[in-house]
Protein chains: 2
Amino acid sequence: MASTLEEVARLAGVSRSTVSRVINNHPNVRPEVRKRVWEVIQRVGYQPHAAARSLVTNRTQVLGLVIPRGLVTLFSDPFFPILIRGVADVCTARRYHLMLSFFSDPLQQEELYRRALRSRLLDGVILSGAPLDDPLVPWLLQDNTPFVIAGRYPDERVTYVDVDNIGGARMAVEHLLRLGHRRIATITGPLTMMAGQDRLEGYRQALLSRGIPLNDALIVEGDFTEEGARVAMQRLLPQRPTAVFVASDTMAVGAMKAIREAGLHIPDDIAVVGFDDLPIASVVEPPLTTVRQPIERMGAMATEMLIGLVEGTITGPQHIILPTQLIVRASCGSL
Amino acid sequence: MASTLEEVARLAGVSRSTVSRVINNHPNVRPEVRKRVWEVIQRVGYQPHAAARSLVTNRTQVLGLVIPRGLVTLFSDPFFPILIRGVADVCTARRYHLMLSFFSDPLQQEELYRRALRSRLLDGVILSGAPLDDPLVPWLLQDNTPFVIAGRYPDERVTYVDVDNIGGARMAVEHLLRLGHRRIATITGPLTMMAGQDRLEGYRQALLSRGIPLNDALIVEGDFTEEGARVAMQRLLPQRPTAVFVASDTMAVGAMKAIREAGLHIPDDIAVVGFDDLPIASVVEPPLTTVRQPIERMGAMATEMLIGLVEGTITGPQHIILPTQLIVRASCGSL
DNA sequence: TTGTAAGCGTTATCAT
DNA sequence: ATGATAACGCTTACAA
């Protein structure tokens, strides 16, 4: 069956401690002994027992990625898959394992918190897509659990890495302004999320910097789903906007549907700009002008930072904002 | 700090064993004592230490989901996200944790196998998208690790759950035949994968049952990517097929691009049928006729079966095939 | 450089 | 019904 340190030690004619030293690359082992021990390890296929090890080291080499289940419903939106890939790649490279946790209701969340974190199953967690009032954050702070948020968070004590949502949104709207639009609507993300708020803030800044007053009738809150955005756009149409900034590509697709269903043309009647630069942006007709954000990189950096926190190579809370970039295609009519 | 059994025992004025019995709902604890112990547990926020527990129980309550990294590149294809959701939901419901593992090269795979499985970090694994000659399968069999494949596998000893790829493909092609097509091409999935082979087999069966000889020039192997399918379709065009069965929706989108780029019309010049019924199928122009497969359900069932295997409530190897369904839209020209 | 032995926090066996 | 006590497999002082 599964061999233990003890067995390897016996076979190599040394003590458990020596085998442990070899496994953990400690110095102070005679090269000759080290070699002999490694041979036995290979021969019997010895692998340290993870639980036994972490019982004494207090480390599991497992990181958690926590995502609200509701958002995952939007798995037609590859935001999370891409984020996960960034996270997973760093985990693999740094020899950590990745545990995925979705939760729907607060009850499930608390249960998850107990089972995964209080039970010391995880060395740390990455949070993404959490609403601003997510109870997880105070819990984590109080328990002193290493954690990083993929997304801005208005508390200096939390380490986060986000993309420049404000700047990106601002660029998008400024582009529409340059094209002569003055009646620019927006479909926001959920305003319970920082990303939703920030993209709206960028919209605001762009308009105000041109001295254009905000018009509440041109601002409708969306929910990051295509269908939600379709409905939102339908509500916007009577206001006769000449352009609309939509806070995600997936929602932009929904908005475009609503516009076409109303018999209007994109971009001639209404220009559309999205946010994300997901693959669909270049596939849709007309191709979507959008703001590119480095999702995978955000996941990767969040993971690097979390590992730094866990291993103690990063000390205080850090705040990183990654740049975004405007990708101009046909849907805004500048081509 | 984190409290232990010992501390709870002291505070409740009982022994460790009693607290352990309470935690694990063993009988033979006086209701009064049980109540007193629970109170202390709540008060100090005690949570059993996962590693300590699994060191003695030989159970971690963690399941692994293993996916080749290469396929994940296609994260614009929501197949895996949807599968993951099915898996994750059952995990949550059954109080298991889910560990996600991607690997690219065989070396990484072996390293992963050692770190995650031989180290007893996982109670079992779900495999998906693995090629037929994946070395993981023999390893798992030999080590007697509980595992389930989401996908058919030609070895009676392995438990799997798959969708009816053969039947679905056959339905799709039979539909094209009914519409009068005789020169039907196909872009297959990678033939290293069972799903690729099975969908090709369905194509074969449909044609042969009508007495139409197979024509190798009409069969091109794809790789489940949009771009790969675009190229494949370009190679197919000179053969003048009147219809093409494409083994995935994502590939179908690529094929449609190639067809349009050649100045041809869908479905009038070439009818297209896909496979998956992903969200994009109904969004694309014209809407894609395709074969719907219950991806999420497959993930969920695979997980249920794995848990059954782990907990010993399922004995022998099981083989389940879930039904598929033809969804007729405009791209095949029958509307 | 190597070995001995004490824990890590549980569960489980066996008395009581 | 409850309590000692021995594992589980490892790391890590401390000794030698």
Side-chain angles (χ1 to χ4, degrees), chain A residues 1-38 40-41 44-62 114-123 311, chain B residues 1-38 40-41 44-62 114-123 311:
Chain A
M1 268 277 73
S3 42
T4 68
L5 262 195
E6 184 70 49
E7 186 191 343
V8 174
R10 192 167 45 72
L11 261 42
V14 296
S15 75
R16 282 208 305 263
S17 340
T18 300
V19 182
S20 177
R21 287 186 190 102
V22 171
I23 286 279
N24 296 295
N25 275 317
H26 282 201
N28 294 350
V29 176
R30 282 212 328 271
E32 173 208 327
V33 176
R34 187 182 294 276
K35 181 159 170 284
R36 181 152 42 95
V37 171
W38 265 120
V40 177
I41 290 176
V44 303
Y46 169 73
Q47 183 71 24
H49 191 293
R53 178 178 268 180
S54 64
L55 180 56
V56 44
T57 59
N58 272 315
R59 283 285 184 72
T60 59
Q61 300 290 110
V62 181
R114 307 180 83 79
R115 265 187 30 235
L117 283 161
R118 307 285 323 272
S119 77
R120 312 208 154 287
L121 198 63
L122 304 180
D123 285 343
E311 299 184 346
Chain B
M1 267 274 75
S3 42
T4 68
L5 263 195
E6 185 69 46
E7 186 191 345
V8 174
R10 193 168 43 73
L11 261 42
V14 295
S15 73
R16 283 206 305 263
S17 328
T18 301
V19 181
S20 177
R21 285 186 191 103
V22 171
I23 285 281
N24 296 293
N25 274 317
H26 283 202
N28 294 350
V29 177
R30 282 210 331 270
E32 172 209 327
V33 175
R34 187 182 295 274
K35 182 159 168 286
R36 179 153 42 95
V37 170
W38 264 120
V40 177
I41 291 176
V44 302
Y46 168 75
Q47 183 70 25
H49 191 295
R53 179 178 265 180
S54 65
L55 179 57
V56 44
T57 59
N58 272 314
R59 283 286 183 74
T60 60
Q61 300 290 111
V62 181
R114 307 179 84 77
R115 266 188 29 238
L117 283 161
R118 307 285 323 272
S119 77
R120 312 207 155 287
L121 198 63
L122 304 180
D123 285 343
E311 300 185 345

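The chains referred to below are lettered A, B, ... by the order of the sequence lines, with proteins before strands, and numbering in each begins at 1. Just so it is clear, the values below take in all heavy atoms, side chains as well, and ignore hydrogens, waters and symmetry mates.
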For nucleotides 6-16 of chain C, read 5' to 3', which letter fits each nucleotide if B means a protein heavy atom sits under 4.0 Å from the base, S means only the sugar-phosphate is that close, and - means neither? B-BBBBBB---
Could you give all pairs that pass the salt bridge (Lys or Arg N to Asp or Glu O under 4.0 Å) test and reach residues 14-24 of chain B, with sequence neighbours left out? B/E6-B/R16
Which salt bridge (Lys or Arg N to Asp or Glu O under 4.0 Å) pairs, counting each pair once, include a residue from residues 46-62 of chain A, with sequence neighbours left out? none
Going by the rule salt bridge (charged side-chain N to carboxylate O under 4.0 Å, His left out), which residues pair with B/R10 if we only count those two or more places apart in sequence or in a different chain? none
Partner residues of [X] under the side chain to side chain donor-acceptor pair (under 3.5 Å) criterion, sequence neighbours left out:
X     : answer
B/S54 : none
B/S17 : none
A/T4  : none
A/S20 : A/N24

What is the bend of the helix from C/dT1-D/dA16 to C/dT16-D/dA1 when you compare the axis at one end with the axis at the other, using five pairs each and rounding to 10°? 40°
Check: B/L121 and B/T60 side chains under 4.5 Å, non-hydrogen atoms: no
Span of DNA chain D engaged by chain A, first through last nucleotide within the 4.0 Å heavy-atom cut-off, is D/dG9 to D/dA13
Among all residues two or more places apart in sequence or in another chain, which pass the side chain to side chain contact (heavy atoms under 4.5 Å, CB included) test with B/R34? B/V22, B/N25, B/V29, B/W38
Checking B/R36 side chain against B/A12 main chain: does a donor-acceptor pair fall under 3.5 Å? yes
